[in-house]
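The structure appears right after this line, and notes come after that.
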Amino acid sequence: MPTTTGKPTTLLAELTHRCPLHCPYCSNPVALTRSRGELSTEEWQRVLTEARALGVLQLGLSGGEPLVRRDLEAIVAHARGLGLYSTLVTSALGLTRERAVRLKDAGIDHVQISFQDAEREGAERIAGTPSWDAKHAAARWVKELGLAFTVNVVLHRANLDRLAEIIDMAAALGADRLELANTQYYGWAVTNRAALMPTRAQVERSVEIVDRAVERYRRRMQIIYVLPDYHSEFPKPCYGGWGAHYLVVAPDGRVLPCHAASDITTLTFDTVRERSLAWIWDESAAFRAFRGDAWMREPCRSCPRKHVDFGGCRCQAFALVGDAAATDPVCTLSPERYRIDAMLDAVASPEPTYRYRTMPGAAPAVGARAGDEG
Amino acid sequence: MLLAGTARPALWHLARIDFDPVRERRVLLYPEGAVLLNDTAAEILALCDGVRTVDDIAATLSVRYSTDVTADVVEYLSQLAERELVRDANDDG
């Protein structure tokens with residue numbers, strides 16, 4: 001196990017869990033942080049200063065919906081002053097043209113807007129709220145202002161059959177980049193897994209559609225396709241290894257090696273309210289738990305791929321096997337792979353019903369159909 | 001695929017070069033990514049203005065280093081072009 005700790009390159013700052021959308025695949029934890037528990041402007045600025053000193057180059061400003069923070073411009077300006085490359089990860093709800101101008105002036109580099117589908121009904125059904133017009137208007141302002149623009153679409157059973165239309169929509173919006181990310185099953189997506197999982201045939205078709213689109217849009221729009229890991233032979237590589245390059249600060253100041261890590265209830269995460277970011281990165285038990293490869297057991301320990309996929313996802317191992325140090329059960333070398341295959345075999349229901357993401361005590365999502373859970 | 005000598009490489013318009021005081025290296029920053037640059041790489045990219053050709057850049061640096069660096073320049077720029085971080089301005093019409 002390497003004894004020296006590398007420097008992180010990327011910080012995801014989850015500024016809030018508040019969000020106007022109710023997407024049933026949200027990766028936020030099911031137990032959301034309320035606004036009064038969020039870090040203040042000054043605390044966020046201190047976190048960014050510490051992150052920069054630790055080596056962070058890339059900043060994602062995310063949530064929830066970061067636009068609900070009225071101090072977003074002040075946070076962006078601070079990041080720019082530090083030399084960070086900042087990406088706003090947004091639903092675009094709440095963005096006005098004036099606010100987009102202020103964010104550009106504050107120094108945002110790149111805006112990533114989520115879109116849910118290539119047609120209004122499907123998009124608003126998954127978002128749980130009217131959102132189509134606001135998103136399309138926001139995309140025009142981002143382009144008009146000359147900001148780097150990424151369209152992000154989470155893929156699942158109900159929109160995969162419109163993948164070609166989704167890609168064409170992103171190109172028509174003028175996206176510089178298109179991220180097509182199949183749903184990963186963390187947070188709310190675990191609750192809704194049965195309704196979200198695509199069929200094997202859908203996934204196979206999607207690969208062909210993306211391959212053709214990559215050729216068609218070469219040099220106009222970069223397409224990043226994240227395959228569903230359940231359908232893969234080997235697991236995804238956990239951001240280049242646990243505590244190697246990436247860290248997340250949650251709305252309440254807890255620092256996580258990945259946005260899904262709070263699901264691992266056997267770990268305790270230190271907070272920037274009590275410790276420096278550098279101490280948490282270098283010394284905290286949570287970051288050291290799976291850093292390097294000394295924690296690995298078989299089949300990982302002797303596997304030639306152990307420095308390729310790093311044992312896969314610790315969060316997924318905990319969620320599906322109940323042991324965060326187990327091999328990711330997605331791996332076909334894992335004795336637990338049968339659990340994934342059973343889920344793949346069970347995909348059938350054509351009409352999904354969702355449990356929409358809501359804050360504790362909040363009313364159910366607008367647009368949720370009668371008979372939906374939640 | 002290698003870039004042609006007549007290609008006119010330009011940095012992707014969404015990428016920018018900054019100095020990282022922590023690693024004491026220049027760094028190429030772009031959406032969701034960062035590439036640390038050694039001095040040679042930074043010098044190559046500084047010449048990628050969409051006007052100079054690959055041959056021009058190689059010639060300039062070969063003089064600067066008093067040795068023929070054409071193969072290295074072509075290989076490095078071709079790698080970045082493959083990742084779409086460098087574009088050939090001739091293709092933009």
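Labels below follow one simple rule: chain letters A, B, ... track the order of the sequence lines, proteins then strands, and each chain is numbered from 1.
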Spatial distance of atom [atom1] ([X]) from atom [atom2] ([Y]) [nearest 0.5 Å]:
{"X": "A/Leu57", "Y": "B/Arg23", "atom1": "CG", "atom2": "CZ", "value": "4.5 Å"}
{"X": "B/Trp12", "Y": "A/Arg219", "atom1": "CH2", "atom2": "CZ", "value": "13.0 Å"}
{"X": "A/Thr9", "Y": "B/Leu36", "atom1": "OG1", "atom2": "CG", "value": "9.0 Å"}

Report summary line: Bottom line for B/Asp20: the part with an atom under 4.5 Å from chain A's heavy atoms is both
Report task. Please say whether more than 12 non-hydrogen atoms of neighbouring residues, nucleotides or ligands are located less than 6.0 Å from CD in B/Gln79. Result ->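 Counting neighbours around CD of B/Gln79, more than 12 heavy atoms of other residues, nucleotides or ligands fall under 6.0 Å, so yes.
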Query raised in the report: With side chains defined as the heavy atoms from C-beta onward, is the minimum distance between B/Glu32 and A/Ile224 less than 4.5 Å?
Result: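 B/Glu32 does not reach A/Ile224 side chain to side chain.
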Distance-only check: which donor-acceptor pairs under 3.5 Å involve side-chain atoms of residues 53-60 of chain B, not counting sequence neighbours?
from, atom 1, to, atom 2, distance (Å)
B/Thr53, OG1, B/Asp55, N, 3.4
B/Thr53, OG1, B/Asp56, N, 3.0
B/Thr53, OG1, B/Asp56, OD1, 3.3
B/Thr53, OG1, B/Asp56, OD2, 3.1
B/Asp56, OD2, B/Thr53, N, 2.9
B/Thr60, OG1, B/Asp56, O, 2.9

**Report entry** Interface moiety of A/Leu84 toward chain B, non-hydrogen atoms closer than 4.5 Å
**Finding:** backbone
Requested in this report: Answer with side chain, backbone, both or neither: which region of A/Gln58 has an atom nearer than 4.5 Å to a non-hydrogen atom of chain B?
Outcome: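 Just its side chain gets close to chain B.
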Report task. Taking all heavy atoms of B/Leu14 and all of A/Ala148, pick out the closest pair and write down the distance. Result -> CD2-CB, 3.4 Å
**Report entry** B/Val22 vs A/Arg52, side chain to side chain contact (heavy atoms under 4.5 Å, CB included): CA-CA, chis, key distance, verdict
**Finding:** CA-CA 8 Å; B/Val22 176; A/Arg52 187 72 193 88; 4.2 Å; yes
